[in-house]
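What follows is a set of notes on a single structure, which appears directly below.
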Amino acid sequence: MFQVIGGRSVQAVRLLAPRSAVLVEAVRGRKSRNDPVAKSKEGRIKVPPPVDPVEMVVLKERYSEYELIMRALRLEFKEEVLRKKYEEEMGSQAEERSRREKEEHRALMDWNNQENLQMLKARILRIQKEEEEAESKTVEAAIQREEELQEFIRQKEKEILQLQEEAKNFITLENLDQRIEEALDNPKNYNFAIDKEGSVVKRTVLQ
């Protein structure tokens, strides 16, 4: 409860009253800056605690990892803030650009599909033409081989007929005497000379 003096509380009067100096209340259990050193601590030399080298290396590694993680988090947060700010400022333009890119990608895909279809048709026609040409060459080669075989057979038949015709004049045991008599009755002189044209120019007389 506050005591009211002239319509004002005592606390309000104290707050509004002028102050001559700042009063600092001392905390119990603590010394001021001007107090001397305690007798139990006189002559004591503060020695820092020993440092373990292995522990120091581990701490440095962990601190380096901590710095990397914190730097990555700061960059991630910064990127997210900038992205949200950009989306807020350029949201409509980004949507329009994204829509145009999608339409352009769809148009390019349609064009690519049409080109692939045309190339497929051209490839099929080329393969069919190559197969037809290969088949035609095979048929032509077979016909040519057949013609060559028939020509070879005709040639051999002609040779056989010629040999059969020549065989009629062969000398055998049956006509040996007859051929001897014919040779004696009709002697032939093969001792002659011919010119460049093959004509007989000189013949010797048989003795």
Side-chain angles (χ1 to χ4, degrees), residues 1-139 141:
M1 297 295 294
F2 298 104
Q3 184 179 1
V4 178
I5 300 174
R8 295 183 180 181
S9 62
V10 177
Q11 187 177 7
V13 172
R14 289 180 179 178
L15 291 175
L16 295 175
R19 296 181 180 181
S20 59
V22 178
L23 299 178
V24 179
E25 184 179 0
V27 180
R28 187 176 62 179
R30 292 182 179 274
K31 298 191 306 181
S32 64
R33 294 182 179 180
N34 298 324
D35 291 340
V37 181
K39 293 181 179 181
S40 61
K41 296 182 180 180
E42 289 181 353
R44 188 185 68 171
I45 300 175
K46 291 184 178 181
V47 179
V51 178
D52 187 3
V54 178
E55 183 180 0
M56 180 60 67
V57 172
V58 174
L59 290 175
K60 285 185 177 180
E61 291 179 355
R62 291 182 179 179
Y63 184 71
S64 299
E65 294 177 359
Y66 169 78
E67 285 186 337
L68 291 175
I69 293 172
M70 294 302 296
R71 187 181 299 112
L73 290 174
R74 284 194 293 270
L75 292 175
E76 183 72 19
F77 294 153
K78 183 178 180 181
E79 182 180 357
E80 185 177 357
V81 171
L82 292 176
R83 182 172 63 252
K84 289 183 178 180
K85 183 178 179 182
Y86 176 78
E87 290 177 355
E88 291 176 357
E89 294 178 354
M90 308 293 291
S92 59
Q93 297 182 5
E95 291 178 359
E96 181 66 21
R97 183 169 61 254
S98 177
R99 186 183 62 80
R100 289 199 304 269
E101 289 178 354
K102 290 181 179 179
E103 292 179 355
E104 183 179 1
H105 180 265
R106 189 181 301 109
L108 290 175
M109 290 299 295
D110 294 338
W111 176 81
N112 187 41
N113 293 332
Q114 293 178 0
E115 290 293 325
N116 291 336
L117 182 60
Q118 292 180 0
M119 292 180 64
L120 178 61
K121 292 180 179 179
R123 189 181 300 111
I124 292 174
L125 292 176
R126 186 179 71 252
I127 292 174
Q128 291 178 352
K129 184 177 180 181
E130 291 177 354
E131 291 179 352
E132 292 176 357
E133 292 178 354
E135 185 177 359
S136 176
K137 289 181 180 179
T138 303
V139 173

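With hydrogens and angles ignored, the 3.5 Å screen pairs a side-chain donor or acceptor of D35 with a backbone N or O of S32. Between the side chain of N112 and the backbone N or O of L108 there is no donor-acceptor pair closer than 3.5 Å.
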Below 3.5 Å, can you tabulate the donor-acceptor pairs from side chains in residues 122-138 to any protein atom, sequence neighbours excluded?
residue, atom, partner, partner atom, Å
T138, OG1, A134, O, 2.8

Side-chain atoms of residues 53-74: list all donor-acceptor pairs with protein atoms under 3.5 Å, sequence neighbours left out, distances to 0.1 Å.
residue, atom, partner, partner atom, Å
Y63, OH, E67, OE2, 3.1
S64, OG, K60, O, 2.9

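Partners of E103 according to the salt bridge (Lys or Arg N to Asp or Glu O under 4.0 Å) rule, which considers only residues two or more places apart in sequence or in another chain, are R99.
Going from atom CD of E80 over to atom CG of L82 covers 10.5 Å, rounded to the nearest 0.5 Å.
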